[in-house]
Amino acid sequence: MYDHKKIEEKWQKKWAGSKIYSPDLDKAKKPFYNLMMFPYPSAEGLHVGNMYAFVHSDCLGRFKRLEGYDVFEPIGLDGFGIHSENYAIKIGEHIRDVSRRTEKHFYQQLHMIGNQYDWTRTVETYKEDYYKWTQWLFLKMHKKGLAYRKKAPVNWCLSCKTVLSDEQVISGKCERCGTQVVKKQMAQWFFGITKYAKRLLKNLNWIDWTEEVKLGQKNWIGQSQGALIDFPVLESKKKIRVFTTRPDTVFGATYLVLAPEMAEELDLSRVSNQAQVKKYISRSKKKTEQQRLEEKREKTGVELRGLQAVNPLNNEKIPVWIADYALKEYGTGAIMAVPAHDGRDFEFAKKYGLEIKCVVDPSEYRLVAKVPSEDFQEIVEEILKGKKCYEYKGRAINSGLINGLETKQAIRKIIKYLEKNKLGRRATTYKLRDWCVSRQRYWGPPIPMIECEECGWVPVKEKDLPVRLPDMDSFHPDGSGKGPLNKVADFVKTKCPKCGGAARRETDVSDPFVDSSWYFFRYLNTNDDKQPLNKSRMKKWMPVDLYFGGKEHAVLHLLYARFVTMVLKDLGYIDFEEPFSKFFGHGLIVKDGAKMSKSKGNIVNPDEYIERFGADSVRLYLMFLGDARQGGDWKDAGMAGMFRFVKRLWRLYENDVNALSLTRKKIKGAEKGDLEKTGIRKLHSTIKKVTRDLNRMSFNTAIARIMELVNWLGREKSNLSPDFNNRARKILAVLISPFAPYLGEEFWQKTGGRESVFKEKWPEFKEELARKKEIELVIQVNGKLRLKILTGVNITAQEARKKALEQERIKELIADKKIKKVIFVKGRLINIVI
RNA sequence: GCCGAUGUGGUGAAACUGGUAGACACGCGACACUCAAAAUGUCGUGGGCUUCGGCCCAUGUCGGUUCGAGUCCGACCAUCGGCACCA
């Protein structure tokens, strides 16, 4: 009988005692760093989604181990952060107690699933020996000028009562709790990630990552190429600088638009409608994202009457407006409006009766305009008259020096002209904004900065780290804009590290994403309290060979981790700038076609299933569900089906091979030989396919191949010799072990193995033995399958043709028609065209 | 609106560079074992015709390339995800 509990317990103990999963980090010969995204320990326990990712990752890690690599597969807990804290608040317990409990629970569960974790090197972000170095990272950033404080409109979550980074606002809502996020003007600490925009983008060209995720980052970084153009303000020394991706349309710029906040930088004394302007500015500053959405993006704006700008290319005087459809944070915060060729400007110009001047002729570009040919002439007329907006490429008209040029050339020429006459220059802008890392919360590493009345903001000295997170009973966020630590007088009051005078500590903590941006470095140097990183191990093990995790982190964790790695390289701590050479993004797991959620009550708790079916069955089932890239649909019936397979597999090892031979049917020698020949072929082709599938990360098909072999062996076991049965079982034990490690060990032992199966070599196959000697040759007539005949695999075109034409059925089909052509695909088919 | 992914039996899904569509499972049906049930095993299982030899139709829809298309090209539809006044 298959008693999964007994087996799992047995091997857990053996693994723990043998240290088989703790490689020598300094001496390993073939290092393979197998990383999976460490979980944040929610109090509900390990989610089946976590397990889904972990078992796939582990399966590959174990496969690599069997291939002879020294695999390092660490695990830890991303325990600092808003999510854990919110949960503690909800259940009315202190976060430190909840944290202690969840750590225990999580590690217990993580043991159960049977991964080859190195339990001697865990990392918990909320422990002093870790966050000390997170603070160290902040200091390094600060020293390099990459951590700085600025007052800016930031995202404020009304429920979490803290600011958030742009990446943590998902469609206007808080990434953690789903509450609407509003804009607030506050002074906060930022990391200068925008300085790395270009590099972050460039390296995407070569890193081996899931395409989807790379594209997500590319779009988020959002590079635009274009030009900066200066528009002089009439009767003033000021210039208004705009950014545009279409400098070729500059002759069609009929007005300028400034973001409302930008207008404050201008001299408004000459503006005749000052009151109106000021009112618009203050109103738009108060507007939240939500209000903007409610207004359905209806464009509004106010003209700065009395102010005029000059189009530097044709010297025409044009009006200046402020409108909140121009964004302060992007480009220069000002735009040249070309209503004829920009939808937004067009809408605005229509509403306020501004001039629309067509400067791009679309007549030769019907396909670009995506318009059916019958309507095209009419539409061209409308565009030329400025009654319709055209945003694509075309030929420049009404545009002085670039008249007649196609968009691309026009852009090139105009930029040359701008640069020559010092009116502007080529420029690239990014959508990416700096990373706001302050959090007005309790459960995080205090930001190691001190504000002195005399010296301003001064960093804590490195030797004084960590800045300990003080224990406090009431750790709830209060929404004051300051973190809870502000209420701990002993903590706040300190001395300036520079002048020794009275000073105050920063009371915000840092974003939990800072914690997770470097944890994979720390795994290589746990238990060292002298330095955060170990240079020589870093050289040996980094970059991570395979990183397995959720695609949803495309613009969160994965972007931050890349950024931090680049900074550490620039600081000289490491000599590579991409942390993960290969990233595999897995899909989401759903239940019966629906997303799992507490409200639906359809959450799959892995514990229950492990209890009932055993970890191996659950592992196998999770990997059999479908393509790991696309996620899977959990169904209880399917889980039960996999359990049946496991029991069948178990039975294969229950019979004594010699006892089996007694029941062996009396079949003739020749037949017996044939059967074992088939058996050998099955073994070799299974090894071949499973190896190939694992290399392709096609876990589900690899399992299917193993099932085929198991089914065949189950059927034929009593017809096979003891020798063969034994050989097959040994191979099968190794093949199954990455997927079902407990069973792998048990089977290996049952077939005479003394040591762990994971000290074995992955079985090899011989190509010629894996191949069939005979095939079903498909005979097609005019591309339609008509007949299959058994032939040798090496049959030539002539032989195949001859054989095909001998078949009665084929003769009938061809009858007296003439054969026009015969196509032969070796080892597959012959197609007779008549 | 823009970008991306996906669309194949009753269900989850396979199909390497264009070459037997539906591997492997789930479910269902029949049979065997059983007094019976469960468990297990064996066989069958895309749809429609059939003179039981086979034939026709089928990979979201329409068209194209090809001896041959789930796979390549073009247009469209649906679902899901990301971004969203980014100049």
Side-chain angles (χ1 to χ4, degrees), chain A residues 170-172 211-213 215-216 218-220 222-224 226 242-247 249 253 257 259 292-293 297-299 323-327 329-338 341-345 347-348 391 429-433 551-552 554-555 587-588 592-593 595 621 624-627 629-630 632-642 644-645 647-648 651 689 692-693 696 698 700-708 710-711 714-715 775-788 808-809 812 820-834:
Chain A
I170 314 289
S171 313
E211 281 308 313
E212 212 181 331
V213 171
L215 199 76
K218 194 179 156 201
N219 291 341
W220 186 260
Q223 188 184 64
S224 299
V242 304
F243 174 73
T244 176
T245 52
R246 289 293 298 271
T249 62
V257 183
R292 286 195 192 201
L293 283 170
R297 299 271 151 93
E298 160 90 26
K299 290 191 177 42
D324 62 9
Y325 83 89
L327 308 172
E329 306 88 43
Y330 187 75
T332 60
I335 57 169
M336 62 173 205
V338 187
H341 307 292
D342 180 290
R344 294 153 300 179
D345 298 341
E347 192 191 320
F348 192 80
E391 296 183 294
T429 63
Y430 299 89
K431 279 199 256 186
L432 183 70
R433 277 176 252 163
K551 292 182 278 203
E552 69 275 14
V555 294
L588 202 69
D592 300 318
K595 249 186 197 170
Y621 180 57
F624 186 63
L625 277 177
D627 185 346
R629 268 157 277 253
Q630 286 173 35
D633 190 358
W634 176 289
K635 289 188 174 170
D636 286 353
M639 179 64 247
M642 182 54 82
R644 274 207 290 279
F645 166 74
K647 282 191 288 188
R648 200 156 63 232
R651 256 178 271 134
K689 286 171 184 165
R692 183 199 62 192
D693 286 354
R696 286 200 309 215
S698 181
N700 54 337
T701 55
I703 293 171
R705 301 287 88 91
I706 292 175
M707 282 175 166
E708 277 173 302
V710 170
N711 292 344
R715 239 185 348 257
I775 50 145
E776 279 188 316
L777 185 77
V778 168
I779 304 178
Q780 294 183 340
V781 177
N782 284 350
K784 281 198 171 158
L785 173 74
R786 287 295 127 131
L787 192 67
K788 296 178 199 172
E808 281 306 317
R809 289 221 40 238
E812 278 169 36
K820 288 185 196 150
K821 201 172 175 185
V822 175
I823 283 135
F824 176 73
V825 183
K826 195 168 179 260
R828 283 193 188 272
L829 58 79
I830 181 159
N831 184 13
I832 299 160
V833 187
I834 54 174

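Quick note on labels: first sequence line is chain A, next is B, and so on, each numbered from 1.
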Under 3.5 Å on both distances, the Watson-Crick or G-U partner of B/C62:
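Its partner is B/G74.
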Now, which nucleotide makes the Watson-Crick or G-U wobble pair with B/U40, with each of the two distances under 3.5 Å?
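For B/U40, the partner nucleotide comes out as B/A32, under the 3.5 Å rule.
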How is [X] classified with respect to the nucleic acid when contacts are heavy atoms under 4.0 Å: base, sugar-phosphate, or nothing?
| X | value |
| --- | --- |
| A/Lys784 | sugar-phosphate |
| A/Tyr430 | nothing |
| A/Leu625 | sugar-phosphate |
| A/Asp345 | nothing |
| A/Gly331 | nothing |
| A/Arg786 | sugar-phosphate |
| A/Lys788 | base |
| A/Gln780 | base |

Looking only at side-chain atoms of [X], point me to the closest of [options].
| X | options | result |
| --- | --- | --- |
| A/Glu776 | B/U20, B/A23, B/A15 | B/U20 |
| A/Asn831 | B/G19, B/G4, B/G12 | B/G19 |
| A/Arg644 | B/U20, B/C24, B/C26 | B/C26 |
| A/Glu708 | B/C55, B/C85, B/A23 | B/A23 |

Comparing nearest nucleotides in RNA chain B, the 5'-proximal residue of the pair A/Arg715, A/Gln223 is A/Arg715
Hey, are the side chains of A/Ile779 and A/Lys788 touching, using non-hydrogen atoms and a 4.5 Å cut-off?
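Heavy-atom side-chain distance check fails, nothing below 4.5 Å.
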Syn or anti for B/G48? Use the chi torsion, O4'-C1'-N9-C4 for purines and O4'-C1'-N1-C2 for pyrimidines, with syn inside 90° of 0.
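Nucleotide B/G48 adopts anti.
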B/G22 glycosidic conformation (syn if within 90° of 0, otherwise anti) is anti
